[in-house]
Amino acid sequence: MKGLVIKDLLSVRTALPLLGVMLCVPMLIAVIPAAVGAQTVSAGVLSVLYAVLAGMFCILNVVTSLSFASYDEQCGWDTFGAALPVSRAKVVLARYGAGALLLLGSLAVLLLVQFFCLIGAGQPMDGYIPAAIFIVCLTVEGVMHPILYRFGAQIGGYIFAGTAMLFGLGMTALGRYMGEMSEMSEEEIDALIEQALSGHYFAIAAVIGVTVSVVLYGLSMLLSIRIYQKKEF
């Protein structure tokens, strides 16, 4: 099964140079001034840069993990893989394992960036953004993998793109509606956030979200195994 995991990870090697350039720019902007102790970048700017970097990691991690099915479909690997002395359950487990390794690698890089910002600029480390990325990636991949196994990479890609578009439009509309309906001032909003932080509500929500996403990922794995075992190649 380890070979299957390596196979999936090697399938994205052609995109690594482009991904590296896209991620290195905000990383260098955030890390270099903090590492040399420069005061030209404020804590607020570092927070924004870190949030942008986290969002890029989240999007790229999800897209890369879901692209494994596309690469296999283009190469006709499923027909070849069915002849290997490896159970179909292990094939599915390897796919989920490769996605989990990508996610852990992304979180490790984000924590390293936060550590440099902590040393250089005194920017406190924030565990909520890595937790949010963990939750989003596991949830999206947990929902999409069974769809990809059931309908294939092309139709699954259309479903993913359409769902992401509808979700983005819905969140934008909700944000505008909440902004129009809210009568709270910025001071009241800041006080509400401070109260939530002091009451550890964000930490509780993060723990619950991580637990739910892990359970969903496990259930998705079982469903994908069931779907893949019934497919004919």
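- Looking at heavy atoms from C-beta onward, M165 lies in side-chain contact with L169 at the 4.5 angstrom threshold.
- Annotation: side chain of Y149 is not in contact with side chain of L223 (no heavy-atom distance under 4.5 Å).
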side-chain contact (heavy atoms from CB on, under 4.5 Å) evaluation trace for F160 with L148: CA-CA 9 Å; F160 173 71; L148 293 174; over 6 Å; no

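- At a threshold of 4.5 Å between side-chain heavy atoms, the hydrophobic network of Ile, Leu, Val, Met, Phe, Trp and Tyr places V109 and I129 in one connected group.
- Residues M221 and V214 are members of one and the same hydrophobic cluster, defined by side-chain heavy-atom contacts under 4.5 angstrom among Ile, Leu, Val, Met, Phe, Trp and Tyr.
- Taking the side chain as every heavy atom from C-beta outward, L111 and P130 approach each other to under 4.5 Å.
- For the residue pair V92 and S224, the shortest heavy atom distance occurs at CG1-CB, 3.7 Å.
- Note on I225: it clusters hydrophobically with L4, by side-chain heavy-atom contacts below 4.5 Å among ILVMFWY residues.
- Within the 4.5 Å cutoff, no side-chain heavy atoms of I135 are placed close to those of V212.
- Of all heavy-atom pairs between G156 and I147, the closest is CA-CG2, 4.2 Å.
- Side-chain contact between L216 and L138 is absent, with no heavy-atom pair separated by less than 4.5 Å.
- The CD atom of Q74 lies 9.5 Å from the OG atom of S67; values are rounded to the nearest 0.5 Å.
- Here CG of N61 is found 11.0 Å from CD1 of I59. Values are rounded to the nearest 0.5 Å.
- For the residue pair Y217 / T139, no side-chain donor-acceptor distance below 3.5 Å is found, with atom types taken as modelled.
- Note on V62: it clusters hydrophobically with I159, by side-chain heavy-atom contacts below 4.5 Å among ILVMFWY residues.
- The shortest distance between side-chain heavy atoms of E141 and Y96 does not fall below 4.5 Å.
- Taking the ring centre of Y228 as origin, the terminal cationic atom of R88 falls inside the region bounded by 6.0 Å and 45° from the ring axis.
- Each of V63 and F151 belongs to its own hydrophobic cluster when Ile, Leu, Val, Met, Phe, Trp and Tyr are linked at side-chain heavy-atom distances under 4.5 angstrom.
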Test side-chain contact (heavy atoms from CB on, under 4.5 Å) applied to I133 and L103, step by step: CA-CA 9 Å; I133 292 177; L103 176 57; 4.2 Å; yes

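- By the 4.5 Å heavy-atom criterion applied to side chains, R95 and D72 are counted as neighbours.
- The shortest distance between side-chain heavy atoms of S65 and H145 falls below 4.5 Å.
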